[in-house]
Amino acid sequence: MRRLTELRLPINHTDTELKAAIAAGFGVPEAAILSWHVHRRAWDARKKSQIILVYTIDAALAAETGKGEPTPDMGYKFPATTTHRLEKRPIIIGTGPCGILAALILAEAGFCPLILERGKVVRERTKDTWGLWRRGELNPTSNVQFGEGGAGTFSDGKLYSQIKDTRFLSRKVLEEFVQAGAPEEILYIAKPHIGTFRLVSMVESIREKVTSLGGEYRFGCRVDDFDIQNGQINAVILDNGERIETNHVILAIGHSARDTFFRLHERGVFMEAKPFSVGFRIEHPQGMIDKYRFGAFAGHPILGAADYKLVHHAKNGRSVYSFCMCPGGTVVAATSEPERVVTNGMSQYSRAERNANAGIVVGITPDDYPGHVLAGVEFQRRWESAAFVAGGGGYKAPGQLVGDFITGQPSKALGEVLPSYKPGVHLTDLAPTLPDYAIVAIREALPAFGKQINGFDRPDAMLTGVETRTSSPVRITRGKDFCSLNVKGLYPAGEGAGYAGGILSAGVDGIKVAEAVSKSLIGQG
């Protein structure tokens, strides 16, 4: 197979034109192409009047005389396997993307992992999550943050990342998702996504595969403590007092496992405060964003609902940027603690809802919350509690129109942009829900963004607060062997440990950590 890159064609090209362009690109007659497939398809919309599709093509040629480069071997290879039942099984804490992929790799390699999850199986968890959205009833162990599938289950299901991936581990993640029921297009489109409903069935399918290979899931099992002696993990202790012996623990706990962060700190596990961001969710009509990005091609089936990415460097030294943009989606309640309000964005596969939403967030650093290594958690809690009060209780979120926010006036009535957040939005003044420097920076950034996207700062665009869980406030630092710096056998992984951001990067990190555990289990680590 040979690979051809940067093959550019107008968006409305025909299949015949594509086949002819492939042959011309390889420098061979069409008859010399025995087979071919699209490895990647992106689009270039810098000229809205002439949107171009950009292809990477892999083809089998009748003779190896064509142009292009050899197609790289992207097949996954296990670094360590076993056929022996282990006395002390490896344990994975958490069933988000990182934990799921770690479990899958260990199970496929024969290590029969035990997976512990404080929340419920994904369908029961979905019911509890809807209980918060529809009735304002929070289950602290089963919600957007906790339960099978992790926080990524209730998101846009984005499957792209900017991580370096010379081993094509992202391909392994995507192929497993396709086998679990994801659309095959995620293997080749430039910005693949799945959406919440499809993620639910995929998570179930992967669980079935892991258990068929000897893995074991235990739900409703919160790890409350860790037995660490002489710098070695010896066991985990569950909330019911049960002790499970092990010398290998993967911490795929997610960025909201705050009680676990504190317990690990009490047990002396090395960790560091790290930067994260706070802000609001903003909503606009999706049609407005489509028109800005695609012009006359807005609504084209290949392009779908448009996204955006914005950055502004404010005069006070703060960076304001769009985060986790969800085309055609909704703003959702994402708290995991009582009497606190947290927002996030979510889309279904169709991305067909009326609004576009994104976080508009401000970068902060440990200098903004000095003191204890976990002071970032208390910083988050402070503003989440302020949002609960400003929202009037019942997990309603505080909201404000962009025009009123910029002028510092409390909002009293909605415009054309209707908020999508459930269980509801209480119009108010958002200024008390974030630090003053964040409010000043966002007020400056919104008109600047309006110069990039016409209408972005329209007076009736909707702001909903607060977004605080952009990433983990700590890094549970690890070495090159993926182990904790000071506890042998403890493997921090994924978003909660500060080593990933999003479904795909978390899944890749889960694979890397599982590989390190595999090598250690057979004495190679």
*Chi angles and distances behind the side-chain contact (heavy atoms from CB on, under 4.5 Å) call for Phe280, Thr464*: CA-CA 6 Å; Phe280 306 124; Thr464 307; over 6 Å; no
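Annotation: Tyr292 is not in aromatic contact with Tyr308 [ring centroid separation under 6.0 Å not met]. Close placement of the Trp43 and Phe294 rings is indicated, their centers lying within 6.0 Å of each other. Less than 6.0 angstrom separates the ring centroid of Tyr55 from the ring centroid of His13.
A donor-acceptor pair under 3.5 Å is formed between the side chain of Asn355 and the backbone N or O of Leu418. Within the 3.5 Å criterion, the main-chain N or O of His39 finds no donor-acceptor partner in the side chain of Asp58. Side-chain atoms of Ser520 never come within 3.5 Å of backbone atoms of Val517 as a donor-acceptor pair (strictly under, hydrogens ignored).
By the 6.0 Å and 45° rule, Arg171 does not stack over the aromatic ring of Tyr76. At least one test fails for Arg41 against the ring of Tyr188: distance under 6.0 Å to the centre or angle within 45° of the axis. Arg125 forms no cation-pi arrangement with Phe146, by the criterion of a distance under 6.0 Å to the ring centre and an angle within 45° of the ring axis.
Side chains of Ile100 and Val203 form a contact here, defined as non-hydrogen atoms less than 4.5 Å apart.
When each of Asn344, Leu463, Ile360 is tested with Arg281 by the rule side-chain contact (heavy atoms from CB on, under 4.5 Å), just one qualifies, namely Asn344.
Between Arg218 and Glu117 there is no salt bridge, since no side-chain N of the basic residue sits under 4.0 Å from a carboxylate O of the acidic one. One finds a salt bridge joining Lys209 and Glu176 here, because a Lys/Arg side-chain nitrogen approaches an Asp/Glu carboxylate oxygen to under 4.0 Å. No salt bridge links Lys519 with Asp481; every basic N to acidic carboxylate O contact stays at or beyond 4.0 Å.
Relative ring orientation between Phe456 and Phe449 is described as perpendicular, the plane-to-plane angle rising above 60° on a 0-90° scale split at 30° and 60°. Ring planes of Phe297 and His300: tilted class, angle from 30 to 60°.
For the side chain to side chain contact (heavy atoms under 4.5 Å, CB included) test, residues two or more places apart in sequence or in another chain that qualify with Ala151 are Gln145.
Heavy atoms of other residues, nucleotides or ligands lying less than 6.0 angstrom from CD of Glu216 number more than 12.
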